[in-house]
Amino acid sequence: MLPLIVKIINTSLLTFVGFLIMKDIINKKIYTSQLYIILSMIILLLPACVLFEIKYSSLLVLSTYILDVLVYKRLYNIKFQTAIISCGIMMLYLAIADLIVTSVNVQIVSYNDVRTVWYISLLNNIIVSIIAYVISKFKVLKSKVQLTCKKAEAKNDYNTVLFIILSIIAIVILFYNITTIFKLNTYYKITLIVASIIVFLYYFYLQEHLSYEKLNEEYNMLFKHVETFEDLVDNEQMYRHELKNNLSIIRNSTKSKKIINKIDDMLKISMIIDDEYVVLLNNLPKGDLKGLLYYKIAVATQKNTKLIIEISPLIKKDLERLSEKSLRELCMLLGIYLDNAIEASSESNKKCVTLEIYGINNELNFVISNTYNNFIPLKVINKKGYSSKGIGHGNGLYYANKIIKRNKKITAEAVYLNNYYIQKIIISID
């Protein structure tokens, strides 16, 4: 009778802690009755009560995970992919805590005592629950996990889902090995090291994934702004032409030298976007690319850098053939490369950036040339975190490189030539 009571207490404790961890991970209110929540918790207790064995059971862990996914999906009304990710993270927390406790137990008691002596079993589960809950409360980890689940709920994130499932399977296998060996020998240590590596890989994957998603989000926000910016520029050009015409009429209608001189000064004012750029960019279709270049022209002007743009008149139809995804990724690459080109050129003596856009044999070519002050080896430029601008910079070119590797239709190459740094983007429109 006592073993059954302890088993129910242990299972209830881990289920309750799992519920608290999931509440933090999902970070969403439960719009259901208290009775339904209690029934859900009872359902989550069933695998442990039915399938519990003295020896470690992989079937128990996997069945518990599957049931967790089904219950928490219904409880929080979330997508399956979000439930898979969040439940996987919760079980990973418990696995880390269990790993810590098991590493201590192996030096003190036998595996049979851990599973059969009621007070050892109860104490271990209490400690595991506390450690798992404390880990889930780490601020840096908590924010990353919440953001991952939020993004998974907003859009499909199959890579993370696959990574979580593989992590759970790997943890199950490793724990099976640990409990089978349960001796502080070489095999046990190797298994422990492998399990630790999986945990670290998970953390770094999460960090890398969120960094990349953050970059995507920033550029999506930029594209929304540049669409508005493009309309503002077009409207402003119309207003400027009307204003110039009206001022010219007034100038020719007056004999006051004071008024004539004032109008002449007003007509010499340098606007953010010159007319020549507006006429030139008419060779591009309305949308992300045109708006992005308007914005980069304004940035270059602000940094007192001359931005020369040469666009083939035939390019418009080729650009319209690009898929929305390819166009968006192309804009992201151009945004990153132009930012770096303008920044590097603004620190040089000549302060000049050139962008050439043309098409050859079903390929779009974008060539950015800029002057520079300091030579940077090409093999170093694309490394994560490298920047000549100090801490907080240096990931743009690294993520640009990731975009190129992911999209087989895009290639890029860079070279130093005649005191210019030249970056070329080639995108296939087949």
Side-chain angles (χ1 to χ4, degrees), residues 212 214-230 233 273 277-278 280-303 305-312 314-316 318-346 352-360 363-372 381-382 393-415 420-429:
Y212 185 76
K214 184 181 178 182
L215 181 72
N216 274 328
E217 193 173 290
E218 287 173 354
Y219 269 91
N220 285 334
M221 289 177 65
L222 173 63
F223 291 137
K224 289 179 182 178
H225 287 301
V226 295
E227 286 174 4
T228 305
F229 189 70
E230 180 185 352
V233 169
I273 306 296
Y277 284 122
V278 177
L280 183 64
L281 294 184
N282 281 335
N283 289 327
L284 299 176
K286 185 177 176 65
D288 292 345
L289 181 57
K290 188 176 180 182
L292 178 71
L293 292 181
Y294 272 140
Y295 177 71
K296 296 306 175 186
I297 291 166
V299 171
T301 303
Q302 188 180 29
K303 290 183 177 289
T305 299
K306 187 177 182 181
L307 178 56
I308 301 170
I309 301 178
E310 297 179 6
I311 304 175
S312 167
L314 306 175
I315 204 71
K316 192 170 185 177
D318 289 335
L319 284 168
E320 288 173 344
R321 290 168 59 190
L322 284 179
S323 66
E324 185 178 345
K325 179 185 175 184
S326 292
L327 181 61
R328 181 57 60 91
E329 291 188 335
L330 169 64
C331 289
M332 290 176 68
L333 289 173
L334 276 176
I336 292 169
Y337 290 139
L338 283 172
D339 279 341
N340 283 277
I342 293 168
E343 185 70 32
S345 184
S346 67
C352 179
V353 177
T354 301
L355 171 62
E356 300 173 71
I357 304 175
Y358 57 91
I360 298 178
E363 287 184 341
L364 296 175
N365 293 263
F366 298 80
V367 183
I368 303 168
S369 309
N370 66 271
T371 55
Y372 59 90
I381 287 177
N382 290 329
H393 302 274
N395 286 334
L397 290 175
Y398 169 75
Y399 288 118
N401 198 39
K402 287 192 69 173
I403 293 170
I404 293 165
K405 287 181 179 178
R406 189 179 61 185
N407 193 327
K408 294 180 180 180
K409 291 187 176 182
I410 300 176
T411 57
E413 52 190 51
V415 67
Y420 277 85
Y421 175 75
I422 301 172
Q423 176 70 58
K424 187 174 184 180
I425 306 169
I426 304 168
I427 180 167
S428 172
I429 53 175

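Just so it is clear, the values below take in all heavy atoms, side chains as well, and ignore hydrogens, waters and symmetry mates.
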Quick one: list whatever passes side-chain contact (heavy atoms from CB on, under 4.5 Å) with Leu314, sequence neighbours left out. Ser312

Got a second to check how far Ile309's CD1 is from Ile297's CD1, nearest 0.5 Å? 4.0 Å

Going by ring-ring contact (aromatic ring centres under 6.0 Å, His included), name the residues that satisfy it together with Phe366, two or more places apart in sequence or in a different chain. none

State, with a plain yes or no, whether a side-chain heavy atom of Leu333 is found less than 4.5 Å away from one of Asn407. no

Any non-hydrogen side-chain atom of Asn365 less than 4.5 Å from a side-chain atom of Glu356? no

Working to the nearest 0.5 Å, report the span between CD1 of Ile404 and CD of Glu413. 10.5 Å

Beyond-backbone contact of Ile368 with Leu334, side-chain heavy atoms, under 4.5 angstrom: yes

With heavy-atom distances below 4.5 Å as the criterion, would you say the side chains of Lys316 and Asn283 are in contact? no

Shortest non-hydrogen contact from Gln423 toward Ala414: OE1-CB, 3.6 Å

Ile308: what forms a side-chain contact (heavy atoms from CB on, under 4.5 Å) with it, not counting sequence neighbours? Lys306, Glu310, Cys352, Thr354

Can you find a heavy atom in the side chain of Thr371 that is under 4.5 Å from one in the side chain of Tyr420? yes

Qualifying residues under side-chain contact (heavy atoms from CB on, under 4.5 Å), relative to Val299, sequence neighbours excluded: Tyr295, Lys303, Ile342

In this structure, CG of Leu330 is separated from NZ of Lys409 (nearest 0.5 Å) by 12.5 Å

More than 12 heavy atoms from other groups under 6.0 Å of CD on Gln302: no

To the nearest 0.5 angstrom, please state how far the CD1 atom of Ile336 sits from the CG atom of Asp339. 8.0 Å

side-chain contact (heavy atoms from CB on, under 4.5 Å) against Lys325, all qualifying residues, sequence neighbours excluded: Ser323, Glu329

What's the separation between atom CD1 in Ile311 and atom CG in Leu281, rounded to the nearest 0.5 Å? 5.0 Å

Residues in side chain to side chain donor-acceptor pair (under 3.5 Å) with Tyr372, at least two apart? none

Roughly how far, to the nearest 0.5 Å, is the CD1 atom of Ile315 from the CG atom of Leu284? 8.5 Å

